[in-house]
Amino acid sequence: CAQLPRAGVLAGRRVLITAGPTAEPIDPVRYVTNRSSGKMGYALARAAWQAGADVTLVSGPVALDAPTGVRVVRVRTAEEMLQACRQPFDECDLAFFCAAVADKRPAAPAGRKLKKGADDAALERIELVDNPDILATLAAGKGSRVVVGFAAETDDVVDNARAKLERKGADLIAANYVGAGGAFGSDENLVVLLSAQGTSELPYGSKDDVAAAIVRAAADMLG
Ligand code: CTP
Ligand code: CA
């Protein structure tokens with residue numbers, strides 16, 4: 001029964017997870033997005049639920065089923081994702097920001113479909129503006145919550161990830177290499193964990209194994 005407390009390192013804990021890409025409209029049929037299958041975030045949601053947590057998964061558009069037991073909130077844009085995260089973040093003990101949020105969005109999405117030719121001026125130069133940084137915004141008021149970020153990098157993986165740990169105010173960053181042969185869309189992941197305590201490489205494995213290891217590392221940081 002879902003109401004009974006479940007055993008595990010996150011029993012009695014509330015967990016927020018963001019997953020998938022965001023999609024930022026250009027017009028009703030076109031959008032700007034990031035490459036993300038959502039598999040890592042959904043694997044984290046399963047792992048956190050299996051570890052006993054009450055899990056809210058705020059998900060951008062992905063072709064994945066809701067994991068058993070997990071509350072899924074579906075959103076499209078970064079601004080919607082931030083709004084959907086506010087209350088679950090307030091109520092959580094631990095948050096994983098796994099979403100591949102579009103850094104920029106079209107400044108003035110058109111309300112109607114833009115047409116080739118007639119609307120070429122609008123289609124050929126799309127002005128972009130900054131999206132909110134969901135992790136940095138929420139981590140600024142994190143209090144005793146444990147905040148985990150992700151860094152998908154093609155170059156200087158560890159240096160870039162350590163800069164993000166400091167810049168964003170996260171407690172832990174899970175960094176992975178996404179160059180040729182890297183993680184996108186695949187079921188495997190090579191991940192390095194970085195915190196103020198140091199850097200450690202997780203054993204290469206399936207996204208489910210990696211998710212379980214990240215959940216254990218984050219649970220160890222809870223007071
Ligand atoms: N993130 C977020 N909101 C954003 C951008 C990123 O919450 N608008 C989170 C991601 O979910 C991830 C972490 O921040 O946990 C790092 O995201 P990443 O795109 O690697 O970092 P950026 O700071 O956007 O830097 P860049 O894309 O230039 O590498
Ligand atoms: Ca980014």
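- Using a 4.0 Å cut-off between a side-chain N of Lys or Arg and a carboxylate O of Asp or Glu, Arg71 and Asp54 qualify as a salt bridge.
- The closest side-chain heavy-atom distance from Leu44 to Ile214 is below 4.5 Å.
- In this structure the side chain of Ser59 reaches within 4.5 angstrom of the side chain of Tyr42, judged on heavy atoms.
- Residue Met221 is not grouped with residue Phe89 when hydrophobic side chains (ILVMFWY) are merged at heavy-atom distances under 4.5 angstrom, including chains of intermediate members.
- Distance CG/Leu193 to CD1/Ile173: 10.5 Å, rounded to 0.5 Å.
- Residues forming a side chain to side chain donor-acceptor pair (under 3.5 Å) with Lys168 (at least two apart in sequence, or on another chain): Asp133.
- Between Val148 and Ala218, the shortest heavy-atom contact is CG2-CB, 3.9 Å.
- Looking only at side-chain heavy atoms (C-beta outward), Val158 and Asp156 stay at 4.5 Å or farther from each other.
- In this structure, the side chain of Thr33 engages the main chain of Thr22 through a donor-acceptor pair within 3.5 Å.
- Taken together through direct or relayed side-chain contacts under 4.5 Å among Ile, Leu, Val, Met, Phe, Trp and Tyr, Val15 and Val9 form part of one hydrophobic cluster.
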Notebook entry, point to check: Going through the distances and angles, do Leu10 and Val215 end up as a side-chain contact (heavy atoms from CB on, under 4.5 Å)?
Noted result: CA-CA 9 Å; Leu10 293 179; Val215 162; 3.7 Å; yes

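- Side-chain contacts under 4.5 Å among hydrophobic residues (ILVMFWY), followed directly or transitively, place Val129 with no other residue at all.
- Of all heavy-atom pairs spanning Ala84 and Val75, the tightest one is CB-CG1, 3.8 Å.
- When hydrophobic clusters are built by joining Ile, Leu, Val, Met, Phe, Trp and Tyr residues whose side-chain heavy atoms come closer than 4.5 Å, directly or via intermediates, Phe150 is not grouped with Val147.
- Partners of Arg46 according to the side chain to side chain donor-acceptor pair (under 3.5 Å) rule, which considers only residues two or more places apart in sequence or in another chain, are Asp208.
- The side chain to side chain contact (heavy atoms under 4.5 Å, CB included) test applied to Ala99 returns Thr18, Met81, Val101, not counting sequence neighbours.
- Counted within 6.0 Å of CG on Asp65, heavy atoms from surrounding residues, nucleotides or ligands total 12 or fewer; the atom is thus considered open.
- In this structure, Leu16 and Phe96 have side chains that are not in contact, with every pair of non-hydrogen atoms separated by 4.5 Å or more.
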Using distance only, find each side-chain donor-acceptor pair of residues 25-32 under 3.5 Å and give its atom names and separation, not counting sequence neighbours.
residue : atom : partner : partner atom : Å
Asp27   : OD1  : Val29   : N            : 2.8
Asp27   : OD1  : Arg30   : N            : 2.9
Asp27   : OD2  : Arg30   : NH1          : 2.5
Asp27   : OD2  : Leu114  : N            : 2.8
Arg30   : NH1  : Leu114  : O            : 2.9
Arg30   : NH2  : Leu114  : O            : 3.2

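- By the 6.0 Å contact criterion, CD on Glu91 is enclosed, its count of non-hydrogen atoms from other residues, nucleotides or ligands being greater than 12.
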Next item on the list: Evaluate the criterion salt bridge (charged side-chain N to carboxylate O under 4.0 Å, His left out) for residue pair Arg145 and Asp171; output intermediate values, then yes/no.
Entry: CA-CA 9 Å; Arg145 294 173 192 81; Asp171 298 293; over 6 Å; no

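- Val62 and Gly20 make their closest contact through CG1-CA, 3.7 Å (heavy atoms, listed as atom of the first residue, atom of the second, distance).
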Note to self: Test side-chain contact (heavy atoms from CB on, under 4.5 Å) on Val58 and Cys85; report intermediate values, then the result.
What the structure shows: CA-CA 7 Å; Val58 177; Cys85 284; 4.0 Å; yes

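- Considering only heavy atoms from C-beta on, Val146 stays 4.5 Å or farther from Leu172 through its side chain.
- When all heavy atoms of Ala19 and Gly41 are compared, the closest pair comes out as CB-CA, 3.8 Å.
- Ser206 meets the side chain to side chain donor-acceptor pair (under 3.5 Å) test with Asp209; sequence neighbours excluded.
- Scored by the side chain to side chain contact (heavy atoms under 4.5 Å, CB included) test, Ala152 finds Asn176, Val178 as partners (sequence neighbours excluded).
- Side-chain contact between Lys207 and Ser37 is present, with at least one heavy-atom pair separated by less than 4.5 Å.
- Not counting sequence neighbours, Lys115 has no partner by the salt bridge (Lys or Arg N to Asp or Glu O under 4.0 Å) test.
- By the 4.5 Å heavy-atom criterion applied to side chains, Leu94 and Arg14 are not counted as neighbours.
- Residues that satisfy the side chain to side chain contact (heavy atoms under 4.5 Å, CB included) test with Arg86, not counting sequence neighbours, are Leu82, Gln83, Thr137, Leu138.
- Using a distance-only test at 3.5 Å, with no hydrogens or angles considered, no donor-acceptor pair links the side chain of Arg13 to the main chain of Val55.
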Check: residues 194-202 side-chain donor-acceptor pairs under 3.5 Å, at least two apart:
residue : atom : partner : partner atom : Å
Ser195  : OG   : Gln197  : N            : 3.0
Thr199  : OG1  : Arg162  : NH2          : 2.9

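- Not a single side chain to side chain donor-acceptor pair (under 3.5 Å) links Glu80 to another residue, sequence neighbours left out.
- Note on Tyr204 and Val191: separate hydrophobic clusters, where clusters join Ile, Leu, Val, Met, Phe, Trp and Tyr whose side-chain heavy atoms are under 4.5 Å apart, directly or indirectly.
- Residue pairs meeting the side-chain hydrogen bond (donor to acceptor under 3.5 Å, both in side chains) criterion with at least one partner in residues 118-132, sequence neighbours excluded, are Glu24-Asn131, Lys104-Asp130, Arg105-Asn131, Arg112-Asp119.
- For the pair Ile134 and Phe97, the minimum side-chain heavy-atom distance is below 4.5 Å.
- Minimum interatomic distance between Gly149 and Ala170 (heavy atoms only, all atoms of both residues): N-CB, 4.3 Å.
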